[in-house]
Amino acid sequence: MKSLFLIIGAPGSGKTTDADLIAKNDESFAHFSTGDLLRAEVASGSELGKTIDGFISKGNLVPLDVVVNAIISAIKGSDKKNIIIDGYPRSVEQMNELDKVLAAQNEIVLKSVIEVDVSEDVARERVLGRARGADDNNEVFNNRMKVYLEPITAIRDFYKNKNLLHVINGERTIDEIVSDMSEFIKRVLSK
Ligand code: AMP
């Protein structure tokens with residue numbers, strides 16, 4: 001049985017960095033970032049990558065089947081006991097699809113959905129400051145933020161009702177956030 005943790009947060013919340021550090025500090029964890037998985041496909045130059053690039057460059061969501069396929073293959077391809085995925089779900093449709101996939105099997109159990117909470121101002125400052133990709137500019141940021149916020153209440157409510165939502169303050173140092181997140185994950189796994 002694999003334990004799955006999802007990490008969600010606004011662009012610039014630091015979710016990928018946090019999850020990456022957790023997996024680096026504990027070898028029972030594998031970490032996949034949906035954004036990184038999709039960017040890797042773009043970088044490969046494949047036809048699928050070209051399609052994906054059209055969505056990422058505008059700050060829009062990549063279609064459901066592409067993303068679900070990317071995360072399910074990542075989970076299934078990993079030999080680690082614990083899996084962290086950041087950047088999923090980003091829509092009600094994605095949330096329902098994962099729920100359906102999980103309900104139909106008993107290999108993977110969703111242990112928690114961790115939201116890394118930052119204000120829009122902090123998110124903007126970080127994204128524009130790092131300028132990691134072509135989508136890190138003010139105009140695309142505004143759209144990414146809009147796309148992030150639109151389903152967030154429904155996503156929070158869904159996981160709150162299942163007692164799976166855990167919110168972490170993302171406006172602290174990386175060390176503080178990661179140690180908080182890591183302690184929480186250990187607590188959940190020891191139950
Ligand atoms: P991120 O690195 O998490 O900020 O993601 C960068 C971009 O990748 C997003 O703006 C989307 O275009 C795409 N992306 C990442 N995760 C998802 C997802 N779960 N569903 C659809 N598109 C996604």
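Position 1 is the first residue of the sequence; numbering continues from there. Start at 1 and go down the list; that is how both ligands and their atoms are numbered.
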K.L.:
Below 3.5 Å, N or O to N or O, backbone or side chain included: is there any such pair between D86 and ligand 1?
P.N.:
no
K.L.:
To which protein heavy atom is atom 22 (N) of ligand 1 closest, and what is the distance rounded to 0.1 Å?
P.N.:
V62 N, 3.0 Å
K.L.:
Side chain to side chain contact (heavy atoms under 4.5 Å, CB included), that's the test. Do R172 and D180 meet it? Break it down for me.
P.N.:
CA-CA 11 Å; R172 296 173 293 165; D180 196 356; 2.8 Å; yes
K.L.:
Would one find more than 12 heavy atoms of other residues, nucleotides or ligands at under 6.0 Å from atom CD of E150?
P.N.:
no
K.L.:
Are any of the N/O atoms on D36, whether in the backbone or the side chain, positioned under 3.5 angstrom from an N/O atom of ligand 1?
P.N.:
no
K.L.:
Looking only at protein heavy atoms, which one is nearest to atom 19 (N) of ligand 1, and how far off is it?
P.N.:
G87 O, 2.8 Å
K.L.:
Establish, from distance only, whether the side-chain atoms of S28 and D26 form a donor-acceptor pair under 3.5 Å.
P.N.:
yes
K.L.:
Are S57 and D135 linked by a side-chain donor-acceptor pair shorter than 3.5 Å?
P.N.:
no
K.L.:
Does the side chain of R144 pick up a donor-acceptor pair with the side chain of N60 at under 3.5 Å?
P.N.:
no
K.L.:
If you count the atoms of ligand 1 from 1 in the order shown, which ones are under 4.0 Å from a heavy atom of T34?
P.N.:
15 (C), 16 (N), 17 (C), 19 (N)
K.L.:
I need the nearest protein heavy-atom contact for atom 11 (C) of ligand 1: residue, atom name and distance, please.
P.N.:
N60 O, 3.5 Å
K.L.:
Using a 4.0 Å cut-off to any heavy atom of Y88, which atoms of ligand 1 qualify?
P.N.:
19 (N)
K.L.:
For atom 14 (N) of ligand 1, which protein heavy atom lies nearest, and how many Å away is it?
P.N.:
L38 CD1, 3.4 Å
K.L.:
For the pair H166 and F184, name the ring-plane relationship: parallel under 30°, tilted 30 to 60°, perpendicular over 60°.
P.N.:
parallel
K.L.:
Looking at atom 6 (C) of ligand 1, what's its closest protein heavy atom, distance included?
P.N.:
R39 NH1, 3.5 Å
K.L.:
Looking only at heavy atoms of K15, does any of them come nearer than 4.0 Å to an atom of ligand 1?
P.N.:
yes
K.L.:
Can a salt bridge be assigned to the pair K162 and D157 using a cut-off of 4.0 Å between side-chain N and carboxylate O?
P.N.:
no
K.L.:
Which is it for V67 and ligand 1 at heavy atoms under 4.0 Å: side chain, backbone, both or neither?
P.N.:
side chain
K.L.:
Could you tell me whether a side-chain N or O of S190 sits under 3.5 Å from a main-chain N or O of R187, the two making a donor and an acceptor?
P.N.:
yes
K.L.:
Between K15 and D18, is there a salt bridge with N-O shorter than 4.0 Å?
P.N.:
no
K.L.:
Ligand 1 and R144, any nitrogen or oxygen pair closer than 3.5 angstrom?
P.N.:
yes
K.L.:
Out of Q94, E93, K58, R90, who is nearest to atom 17 (C) of ligand 1 when you count heavy atoms only?
P.N.:
R90
